[in-house]
2 protein chains.
Amino acid sequence: MRSAEAIVTAAMGRFARDGFATPLRAIAEDAGVSAPLIVHHFGSKQGLRDAVDDHVLALVDEKLRRFETGGFAAAAALVLPLYEQGDLPRYLRRTLAEGGPASRRLLESFVTTTEKALAHLGLAEPRMTAGLLVSHSLGAILLADPIGDAVGVDLFSADGIARWAASAIGIYRGDLAPLLS
Amino acid sequence: MRSAEAIVTAAMGRFARDGFATPLRAIAEDAGVSAPLIVHHFGSKQGLRDAVDDHVLALVDEKLRRFETGGFAAAAALVLPLYEQGDLPRYLRRTLAEGGPASRRLLESFVTTTEKALAHLGLAEPRMTAGLLVSHSLGAILLADPIGDAVGVDLFSADGIARWAASAIGIYRGDLAPLLS
DNA sequence: TTGACGGTTGAACAGTTGTTCAATACAACG
DNA sequence: CGTTGTATTGAACAACTGTTCAACCGTCAA
């Protein structure tokens, strides 16, 4: 049964890096097994992908659970640890781009957790605001690389994170308010 | 030469809906031509994709040019017209998820345009702030469907857009500031 | 009319893909 | 020991893929 875990891990990495069109044989090689064994364990390639989705959702939920309480740091801290796992943000990016059911399960977790962190603010529409805030955080995950290029900063470096955070704080404090007619 | 345009249009739709792994034959059928003709015109499937990327970038640039000046409405108005084209936002979503060179060209346009709209605010880091704002806007494009599901609102309906905008204005005015330690 | 040429096609090819199948290794259990 | 079952594999298959090739069609110049 150990090989099943190795397969899921290898599949997550390959899907994240090369997309879901990655051949089963490549995943099998990474996991040190044969392609038919994957079908034997997961029924089909789609079955494997479902298993990887479950695994990723569990990973995210575990990380989210640490930030159910707490202040605004939740929104930032919610994003940063995701970067530490090399393959996780890339897999999320691909999942969200497809927009399938896994994408919906994922967002449900994020929005609900964020809504709890916003509960004591007395907002008019806490869930809508939570959705907006999640789209901000995940948008940063999805676009960190090309935006870093455009801005000319490595957003993964300490300096990049600090400046990114400073600008974010400015925005959430109202720096852009003069633009609102 | 008319068929080349039909091919690009069909390819954009297919790529947007089914991903870049869509077979050439499917695109050919949509365009009402044969698969070899696509290779004849664009050299290869990759050549076709490059042509579609160019086409999409031109579309986006044209839309962006209308909002180079103007206030905060730029950020909102920047997003909304993209929705009207059925395939465009989906194509952007797939492009951004891949993170290739097309993704970089795209973000460069967005960030530069947004930076101009922010110029007169006297921000400490206008380009970084512009990057952040772009990630907010595009994050909304990328995640509108699953977030709408999570929030329980159709973000494409008039009601959904109005409530989304109201929450966004609240955030940019500082509703979340109490959370900043 | 003849010739040339770009647009277009059906047929075919070689490579890749997910999946099936029969067979092997191997552990657990009686 | 034998046997039962699970994990695992190489070989093979049918379907699909991007691409090539020779041929056809139309137009337009000479």
Side-chain angles (χ1 to χ4, degrees), chain A residues 1-56 58 87 90-91 93-95 97-103, chain B residues 1-56 58 87 90-91 93-95 97-103:
Chain A
M1 264 305 181
R2 175 127 335 129
S3 61
E5 302 171 24
I7 290 170
V8 167
T9 303
M12 175 179 155
R14 278 285 185 170
F15 286 157
R17 273 175 275 119
D18 305 337
F20 296 112
T22 302
L24 274 184
R25 285 169 173 86
I27 298 170
E29 190 176 4
D30 287 358
V33 301
S34 68
L37 186 62
I38 298 182
V39 176
H40 172 75
H41 276 309
F42 301 94
S44 67
K45 187 183 185 182
Q46 182 60 42
L48 170 61
R49 192 176 160 184
D50 292 344
V52 176
D53 279 340
D54 288 343
H55 177 244
V56 165
D87 289 329
R90 272 191 283 249
Y91 190 90
R93 194 164 64 180
R94 289 225 133 88
T95 300
E98 292 239 321
S103 181
Chain B
M1 263 307 182
R2 178 131 328 133
S3 61
E5 302 171 23
I7 291 170
V8 167
T9 303
M12 175 179 155
R14 279 286 185 169
F15 286 156
R17 274 175 274 121
D18 305 337
F20 296 112
T22 302
L24 274 185
R25 285 169 173 83
I27 298 170
E29 190 177 4
D30 288 357
V33 300
S34 68
L37 186 63
I38 299 183
V39 176
H40 173 73
H41 276 311
F42 301 95
S44 67
K45 187 182 185 181
Q46 181 60 42
L48 170 63
R49 191 175 162 187
D50 292 344
V52 176
D53 279 341
D54 288 343
H55 177 244
V56 166
D87 289 329
R90 271 191 284 250
Y91 190 90
R93 194 163 67 180
R94 289 224 134 88
T95 299
E98 293 237 322
S103 182

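Chain identifiers are assigned alphabetically (A, B, ...) following the order of the sequence lines, protein sequences preceding nucleic acid strands; residue numbering begins at 1 within each chain.
The distance from atom CD1 of A:I38 to atom C1' of C:dT17 is 13 Å, rounded to the nearest whole Å. As rounded to whole Å, 10 Å separates atom P of D:dT19 from atom CG of B:L48. Atom CD1 of B:I7 and atom C1' of C:dG7 are 11 Å apart (whole Å). In this structure, B:F42 atom CZ and C:dG6 atom P are separated by 17 Å, rounded to whole Å. The distance from atom CG of A:L37 to atom C1' of C:dA25 is 13 Å, rounded to the nearest whole Å. When the P atom of D:dG18 is taken as reference, atom CZ of B:R49 falls 13 Å away, rounded to whole Å.
When side chains are defined from C-beta on, A:F15 does not count as touching A:D87, because their heavy atoms never get closer than 4.5 Å.
What you find for B:H41 and B:S3 is that their closest heavy atoms are NE2-OG, 3.5 Å. When all heavy atoms of B:R90 and B:R17 are compared, the closest pair comes out as NE-CG, 4.1 Å. Heavy-atom minimum distance, A:A97 versus B:A97: CB-CB, 3.1 Å.
Remark: side-chain polar atoms of B:R94 are paired, donor with acceptor, to backbone N or O of B:A16 under 3.5 angstrom.
With C:dT8, C:dA11, C:dT19 as the choices, the nucleotide that has an atom nearest any side-chain atom of B:H41 turns out to be C:dT8. For B:K45, counting side-chain heavy atoms from C-beta on, the closest listed nucleotide (C:dC21, C:dT9, D:dT19) is D:dT19. Residue A:P36 places its side chain closer to D:dA11 than to any other of D:dT19, C:dG10, D:dA11.
For B:H40, a side-chain nitrogen or oxygen approaches OP1 or OP2 of C:dG7 to under 4.0 Å. Proximity of A:S3 to the phosphate of D:dA7: no side-chain N or O atom is located under 4.0 Å from OP1 or OP2.
Here the rule is side-chain contact (heavy atoms from CB on, under 4.5 Å) with A:L24, and of A:L37, A:I38, A:I7 only A:I38 fits it.
The stretch residues 20-29 of chain A touches DNA chain C through A:T22, A:P23, A:L24, A:R25, each having a heavy atom within less than 4.0 Å of the strand.
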